[in-house]
There are 2 protein chains.
Amino acid sequence: MNVVPRARSVNVLEIAKLSGSSKSAVSRVIQNQPGVAPEMRARIQHIIRAHHFQPSILGRALRGAHTGVIGVLARFMGSGFTAEVIRGIDDEVKRKGSQTMCMLAPGIDEYIRSWRTLVSGRHVDGVVLLAPPTDIFKYPVDELDKPVVLCAAEPPDKASTWKAAGSVVLDNQTAMKQMVKHLLDQGCRRLIYLAGQPDIFDCQERERVFLEAAAERKGVRASVVQGAWTRELAVSVVHGCLSARKQKPDAILCWNDYVAMGCLQALSELDIAVPEKIAVAGWDDVPGADHLDVTTIRLPMLEMGWQAARILFQKTNPGNVGLASPSHVSLQMSLQIRRTTVRRAVKSRA
Amino acid sequence: MNVVPRARSVNVLEIAKLSGSSKSAVSRVIQNQPGVAPEMRARIQHIIRAHHFQPSILGRALRGAHTGVIGVLARFMGSGFTAEVIRGIDDEVKRKGSQTMCMLAPGIDEYIRSWRTLVSGRHVDGVVLLAPPTDIFKYPVDELDKPVVLCAAEPPDKASTWKAAGSVVLDNQTAMKQMVKHLLDQGCRRLIYLAGQPDIFDCQERERVFLEAAAERKGVRASVVQGAWTRELAVSVVHGCLSARKQKPDAILCWNDYVAMGCLQALSELDIAVPEKIAVAGWDDVPGADHLDVTTIRLPMLEMGWQAARILFQKTNPGNVGLASPSHVSLQMSLQIRRTTVRRAVKSRA
DNA sequence: CTGAAAGCGCTTACAG
DNA sequence: CTGAAAGCGCTTACAG
């Protein structure tokens, strides 16, 4: 196959020739390094601008230098969560003059592969792992030479090679306690939790703290139901769940808002009054959840992204000593009380 | 700054040494090219597997060869549209054994910059431009050496340098005609269209075909209202719009479903019955639109992504002559009739 | 301050 | 079939 002659854009050598200097000088100017006479520096800068010259990231990357590109690895695009956190990361990355590159990798094998593509290919200065599959922690991280920040996940073993990674996590425990307290305050005593996929860190943690929070109060029955991962699955799971149990639950807490929608649909089909007979709550506060008046937990998705990018930059440029800000952040979520759980007299809706 | 000694992973030269051959042979094996003795080929393959060797995309890219990476440029992550189309692209790209890299670039300048990062950096074999700002067509495309496929956009001038680009567009005209016909069938005669951002191709086109479709029937008043780009803006725009007009509209068509939610909220605050007084329709069929029972237009987002990736591969590998499939595709959308527009007796909801 | 040279990891004519 | 060599675009010791 003959190689198509490529419309070559200008490169360092040409800039050097045009300015009557050398590649070295041009490179130093590009990076704002000393060692170039002021007049020559000005001349080179002029030529660079005149030709809209942008140094190739490839050459730079191959050489092992900074690329000005930050990688983000995510599993799914389906949820608003991924999209919104990426937006937060990108905000902050752009503010620093860098660019974001995202890759999608649902399964653990693809995840590892994409990670290698990004990192060992030296495309990027660092990587944000966004809600990685929990199996990721079985792989060592230290053989990789680029900084890593975890988003919505934490290594199980603090002593592992992962301890060098930064992290931004959600305080699931506090939020779940608030949620459970609210449901109990509404008079609910038989709680069901429709849990999410088991290979997601937040899902695991929420399931656990749900049971813990419910166990703190006497006379409360709490159980976890698996399999309702999507809205469609939730419909049939709720149907099955309610027909199988003698004693109906009086509250169903869902791992996300879409599942809550499926739950509401099933209850509507069964003619079960919400919230009178069964209270329903979701998680995430997706767009539309307020319009549907579903009680939920609001996630600070944008801030999660900002923090992740901030920490990554801190690791990427250790030069900026200054006031070292934390590399591990835990963010609070906020309970949004709406119609689907308010059973008491005081239905205060601001 | 001293360079941290990087944990070098194995490279072509090492594989060559280990197998007792040369870089050339290894490279040929990697690419399944002829010119290597069967036994040597087997030996090299064995070593490659044993060391989990993955050739660096950088070296390959720098040399101008295929990288197995497809670039996607998008403006926003906010809407489900972007996320879902990317998912479709990624599906198809993975099926071909390649990987997807996405970049976000809201404004035209960032868009151009990211495009150059992707293409002139030779990171990618080709690029999908997802709902680009319409200003993009002012920039020539032929100086770039990588294939391009447009998603949800078409160059205004078929004779421009853009004619080499593939495209997947939505048939806005047909869908809009169906929507307007449906509203007229429901007895509506005074239509308002809440239009989207003017630098988006689909928004421009839908605005135009809305007026065309309404003009086809006598006795129909149709007007376009600008500024209701988001759900929040929609609330105040609808308030303003209804207080300003003597004759109220009897149907409000919104450029997307979130805006329709804002519209419904405003009407609810004004105690205006939907659909009896005013019918409301959205566009996109986002998750939750069915639960809210909003009439809308469903977009084949996943298929849009599949098609874009298919066309791009066709351009990337012109070798696969076979049956050349089309490089320009127009996809149909489907009208979803729901509660917010059904004013006639026959309220058939399947 | 200045620039020639080596090298990052690959692929591809080219000569043997 | 086989391998040495050049080169993609950059950065960085190194010598002047």
Side-chain angles (χ1 to χ4, degrees), chain A residues 1-17 19-44 48 51 53-69 116-117 119-123 145, chain B residues 1-17 19-44 48 51 53-69 116-117 120-123 125 145:
Chain A
M1 196 195 301
N2 27 358
V3 177
V4 180
R6 57 185 65 261
R8 292 240 340 288
S9 56
V10 67
N11 62 17
V12 183
L13 181 57
E14 292 177 67
I15 298 289
K17 282 181 181 163
S19 59
S21 71
S22 68
K23 293 198 294 175
S24 318
V26 174
S27 183
R28 282 192 279 261
V29 169
I30 290 169
Q31 299 168 86
N32 275 318
Q33 279 179 4
V36 182
E39 314 82 57
M40 181 51 89
R41 184 180 295 271
R43 185 139 101 234
I44 291 175
I48 285 177
H51 289 257
F53 171 65
Q54 265 196 305
S56 157
I57 288 180
L58 252 80
R60 204 174 259 187
L62 197 54
R63 197 62 183 73
H66 275 212
T67 60
V69 179
R116 301 193 70 166
T117 299
V119 175
S120 64
R122 309 213 274 245
H123 274 79
D145 46 3
Chain B
M1 194 195 302
N2 31 358
V3 177
V4 180
R6 56 185 65 260
R8 291 240 340 288
S9 57
V10 66
N11 62 17
V12 183
L13 182 57
E14 290 177 69
I15 299 289
K17 281 181 182 160
S19 59
S21 70
S22 68
K23 293 198 294 174
S24 318
V26 173
S27 184
R28 282 193 278 261
V29 169
I30 290 169
Q31 300 168 85
N32 275 318
Q33 279 179 4
V36 182
E39 314 83 57
M40 181 52 87
R41 184 179 295 271
R43 184 137 104 235
I44 292 174
I48 285 177
H51 289 257
F53 171 65
Q54 266 196 304
S56 158
I57 288 181
L58 251 81
R60 205 175 259 188
L62 198 54
R63 196 62 182 72
H66 276 211
T67 59
V69 179
R116 300 193 71 164
T117 300
S120 64
R122 309 215 275 244
H123 275 81
D125 296 333
D145 47 3

Distance, rounded to the nearest Å, where [X] contributes [atom1] and [N] contributes [atom2]:
| X | N | atom1 | atom2 | answer |
| --- | --- | --- | --- | --- |
| A/Lys17 | C/dG3 | NZ | P | 14 Å |
| A/Asn32 | D/dT12 | CG | P | 13 Å |
| A/Arg122 | D/dC10 | CZ | P | 16 Å |
| B/His66 | C/dG9 | NE2 | P | 23 Å |
| A/Ile44 | C/dT2 | CD1 | C1' | 10 Å |
| B/Ile48 | C/dC10 | CD1 | C1' | 13 Å |
| A/Leu62 | D/dC8 | CG | P | 13 Å |
| A/Ile30 | D/dG9 | CD1 | P | 13 Å |

Donor-acceptor pair under 3.5 Å, B/Ser22 side chain vs D/dA4 base: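 It does not, because no donor-acceptor pair links the side chain of B/Ser22 to the base of D/dA4 below 3.5 Å.
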
Any donor-acceptor pair under 3.5 Å between the side chain of A/Arg28 and the base of C/dG3?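 It does, because a donor-acceptor pair links the side chain of A/Arg28 to the base of C/dG3 below 3.5 Å.
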
Would you check if the side chain of A/Ser27 reaches a backbone N or O of A/Lys23 as a donor-acceptor pair within less than 3.5 Å?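 Between the backbone of A/Lys23 and the side chain of A/Ser27 there is no qualifying donor-acceptor contact (under 3.5 Å).
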
After noting the C-alpha distance and the side-chain angles of B/His123 and A/Val69, does the key distance pass the side-chain contact (heavy atoms from CB on, under 4.5 Å) rule? CA-CA 12 Å; B/His123 275 81; A/Val69 179; 5.9 Å; no

Name the residue closer to the 5' end of DNA chain D, choosing between A/Ser27 and B/Ala25 according to the nucleotide with the nearest heavy atom.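 This one resolves to B/Ala25.
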
Just so I know, are the side chains of A/Glu14 and A/Asn11 near enough to count as touching, which here means a heavy-atom distance under 4.5 Å?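 Yes; the side chains approach each other to less than 4.5 Å.
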
Taking the side chain as every heavy atom from C-beta outward, state whether A/Val26 and A/Ser21 have any atom pair closer than 4.5 Å.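 SC-SC contact between A/Val26 and A/Ser21 confirmed.
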
C/dA13 - base-pair partner by Watson-Crick or wobble geometry, distances under 3.5 Å: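 Check on C/dA13: unpaired, no WC or wobble geometry under 3.5 Å.
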
Applying a 3.5 Å limit to both distances, which nucleotide forms a Watson-Crick or G-U wobble pair with D/dA4?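 Check on D/dA4: unpaired, no WC or wobble geometry under 3.5 Å.
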
Nearest-0.5 Å distance, CZ of residue A/Arg28 to CE of residue A/Met40: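 Result: 11.0 Å between the selected atoms.
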
Quick one: pull up NE2 in A/His51 and CD1 in A/Ile15 and give me the separation to the nearest 0.5 Å.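 Taking NE2 in A/His51 and CD1 in A/Ile15, the distance rounds to 6.0 Å.
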
For A/Gln31 and D/dT12, is the shortest distance between a side-chain N/O and OP1 or OP2 below 4.0 Å?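 So the side chain of A/Gln31 is within the cut-off, an N or O lying under 4.0 Å from OP1 or OP2 of D/dT12.
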
Using a cut-off of strictly less than 4.0 Å, decide whether B/Gln33 has a side-chain nitrogen or oxygen near OP1 or OP2 of C/dT11.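 False: B/Gln33 side-chain N/O out of range (4.0 Å or more) of C/dT11 OP1/OP2.
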
[options]: which one has an atom nearest the side-chain heavy atoms of [X]?
| X | options | value |
| --- | --- | --- |
| A/Val36 | D/dT2, C/dA6, C/dT2 | C/dT2 |
| B/Ser21 | D/dC10, D/dG3, C/dT11 | D/dG3 |
| A/Ala65 | D/dT12, C/dC10, D/dA5 | D/dT12 |

Which sits closer to the 5' end of DNA chain C, A/Ala37 or A/Lys23, going by the nucleotide each is nearest to?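 The residue mapped nearer the 5' terminus is A/Ala37.
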
Touch check for A/Glu39, heavy atoms < 4.0 angstrom, all strands: base, sugar-phosphate only, or nothing?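 Since no nucleic acid heavy atom lies under 4.0 Å of A/Glu39, the category is nothing.
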
Base, sugar-phosphate, or nothing: which does B/Ser56 touch, judged by heavy atoms less than 4.0 Å apart?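 B/Ser56: backbone/sugar contact only, no base atoms under 4.0 Å.
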
